[in-house]
Protein chains: 2
Amino acid sequence: MAREPRPRGQSVRMIDVAKLAGVSQQTVSRVVNGHSNVGAEVRDRVERAIAQLRYNRNWAAHALATNRSMNLGVVSHSLPVHGSALVLFGVAEEARRNGYTTSLVTIPRIDSAGIRTALDTLVADAVDGIIVLAPMTAAAPVLLGLDPEVAIVRFEQGSPASSTAVSMDDALGAQLATRHLLDLGHDTVWHVGGPPGWMASEARRAGWLSELARRHRTVNPEFCTEDWTADSGYRAGVAIAEDPTITAVLVANDAMALGVIKALTERGIDVPGDVSVVGFDDMSEARYFQPGLTTVRLDFNEVGRLAVDRVLRLMGGEPAELIPVIQPVLVVRDSTAAPGQRRARSAS
Amino acid sequence: MAREPRPRGQSVRMIDVAKLAGVSQQTVSRVVNGHSNVGAEVRDRVERAIAQLRYNRNWAAHALATNRSMNLGVVSHSLPVHGSALVLFGVAEEARRNGYTTSLVTIPRIDSAGIRTALDTLVADAVDGIIVLAPMTAAAPVLLGLDPEVAIVRFEQGSPASSTAVSMDDALGAQLATRHLLDLGHDTVWHVGGPPGWMASEARRAGWLSELARRHRTVNPEFCTEDWTADSGYRAGVAIAEDPTITAVLVANDAMALGVIKALTERGIDVPGDVSVVGFDDMSEARYFQPGLTTVRLDFNEVGRLAVDRVLRLMGGEPAELIPVIQPVLVVRDSTAAPGQRRARSAS
DNA sequence: CTCGCGCACGTGACCGATCGCATCCGCATG
DNA sequence: CATGCGGATGCGATCGGTCACGTGCGCGAG
């Protein structure tokens, strides 16, 4: 009752290689997997046969027999926010260097249900490990309260070093930026915060707050936004323009900073002459904004590398050591300067 | 000689479900796969058992038996160019909606060897179909000359409609932009081209050239660039600033346009007063550049959707119908205006 | 009343690889 | 010369499903 021998794509099997090389299938397996106890002459013969037949190991069969899929799952929010894509590429690259493929699942909504669904999809696809790129406050509880049937590493921002999360010190970045502004002579610094629910928003706000507190400066309410887009920044900028006492503002990312500057400039307020603006992320275009944007540089690519490295170790059952926190760097360009003009203007 | 019954992760098997439901494994399979010939009562019992055991079908076993991995491969260049990430997300989303996962492979170098390697990696991973996001001229020959053991759809720019490539009409976009500039009253339009080797560069140049020819305008040599970054644009902008006869320039993407504007503005040349600038892509920040950038909008997300749709059809052996070409839309903002001032300046 | 047909469900082979063991061989040892 | 030993290689079971077929059942037609 033999059915069609080779239904689709005349795939070469291990047994075919074995026949050609005149050995058993087991021996081919040994060669393929690089086991040591194979004679040099036989190994050579097998390798020649593999090359000749253009043999590729059947992935599914291998996965079934070993119970490892050599596949890493990545769940990412679908918003095209600056850092995400960079992290994603970093992950894909590093995974491949380690012989792993990556499966991408995007989550439209960022609530815990969405994350659960994505995670379930992934475990159903039998990934060996999962990297969650959803640095949102709602994500952490879900992830932590999960049955760890599979290794999970998450990306966080502003959290202390952890053994299961790669983190960036966004708070320090915000401190650096705030300090820079204060050192320039500004009385205090205002803040255009990121949208609620994002760890980056909270961490950056916290850093801003702490530096203000350290220097005993007055803290003004932050300008709130709905997303990370330049649109949101623009709206905040309109509000900022109406308050002539504001001379320095730390914006939670570069795109929004662009919007802020646009709103300000349109209203005849000079940056940095009247108001100094600092962004966050250092997207590649930031240098060419008008004026060149002073911002905080974050290495998103490194996040991907670290995450893969960590999840692989986790799978290997290595002891849980802390992952180094990625450090931000302040990049000073032309959107910040000493205060002066504007207060004079408001005084007139 | 039974080895450890359940080595890792006490995974639930179909047979376990079958036992609990008091049916055969085959019946469980029928339920799982939604076959019709199962009694309502039995189906219900099985579904209850599945839920109770939190059963997940073993992906590898399924793939092995069916010879389909339900996995789509995506090869993408690793450069964080604007459109790529958007297309990628579009692909991931649409794939998942169809029950497919996506495996991402990035290629550092863009030569044919790199593409081959990526493709080999993917077929070794037994993907059912491949989407190649490498709209470079070097890619097409490699892809076409390939043994089509697996369905491949590629992303192109400026190519005519094809049944195996989703394409954007970049040439038309460039024509539209050039026409806009000419209609504004400019004698001719200069061009900052994209880096060599990219289909987008060629298509956009071709569109620009054709519109110029149609209107019998003088064609000036284009400004060449090395990559798509604002850096490159800036360098081109410096050169443009030195030629006072230039009043209108079409830049091959938004990031470079930003650089051009920066260079111009720094040198006291007003945009659009002295020089009109048009970009390409309509990245989300473009509207908030200073001035708001007139540009050509391209729907990259749609590319992802179409590509997945097509590759799935291809796998299903459907007849090769043409994929609709994605149409560009000119978005007029504030970086373009009628000419005048600058020539006056140069005449003085 | 019996035969045949369609539906529901079970049985056994098979997908392509890995793994534990048995086997075979050659060489050094007592 | 018999024995031991270790490296190279083959055998059969197994991973968790799917598929083609076989079987038992109920029901309408002849």
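A note on names: the letters A, B, ... follow the listed sequences, proteins ahead of strands, and every chain is numbered from 1. Keep in mind that the numbers below use all heavy atoms, side chains included, and drop hydrogens, waters and symmetry copies.
What separates CE of B/Met14 from C1' of D/dC15 is a distance of 14 Å, to the nearest Å. When rounded to the nearest whole Å, the span between CG of B/Leu64 and P of D/dT14 equals 17 Å. As a whole-Å value, the separation of A/Arg13 CZ from C/dC14 P is 12 Å. Spacing between atom CG of B/Asn67 and atom C1' of D/dT18 amounts to 12 Å, rounded to whole angstrom units. Separating the CH2 atom of B/Trp59 from the C1' atom of C/dC15 is a distance of 14 Å, rounded to the nearest angstrom. Between A/Asp16 atom CG and C/dC15 atom C1' the separation is 13 Å, expressed in whole Å. Between B/Met70 atom CE and D/dG17 atom C1' there is a gap of 15 Å when expressed in whole angstrom units. Distance B/Asn33 CG to D/dC19 P: 7 Å, rounded to the nearest Å.
Each of A/Leu143, A/Val127, A/Val150 was scored for a side-chain contact (heavy atoms from CB on, under 4.5 Å) with A/Leu119, with one residue passing: A/Leu143.
For the OP1/OP2 pair of C/dT18 and a distance below 4.0 Å, the side-chain nitrogens and oxygens of A/Arg68 include no atom meeting the criterion. Remark: A/Ser29 is not in phosphate contact with C/dA17, judged by side-chain N or O atoms under 4.0 Å from OP1 or OP2. Regarding contacts with the backbone of C/dA17, every side-chain N or O of A/Arg57 stays at 4.0 angstrom or more from both OP1 and OP2. Taking only side-chain nitrogens and oxygens, A/Tyr55 never comes nearer than 4.0 Å to OP1 or OP2 of C/dG16.
The distance from the CZ atom of B/Phe155 to the CD1 atom of B/Ile131 is 12.0 Å, given to the nearest 0.5 Å. Between the CD atom in A/Gln26 and the CE atom in A/Met14 there is a gap of 8.5 Å [rounded to 0.5 Å]. Rounding to the nearest 0.5 Å places CG of A/Leu72 at 12.5 Å from CG of A/Leu104.
In this structure, the side-chain contact (heavy atoms from CB on, under 4.5 Å) partners of A/Ala200, at least two apart in sequence or on a different chain, are A/Gln157, A/Asp170, A/Arg204, A/Trp228. Among residues two or more places apart in sequence or in another chain, the salt bridge (Lys or Arg N to Asp or Glu O under 4.0 Å) test is passed with A/Arg305 by A/Glu302.
Side-chain contact between A/Arg313 and A/Glu321: present, with at least one pair of heavy atoms (C-beta onward) separated by less than 4.5 Å.
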*Which letters describe nucleotides 5-12 of chain C, given B = protein heavy atom under 4.0 Å from base, S = only from sugar-phosphate, - = neither?*
---SBBB-
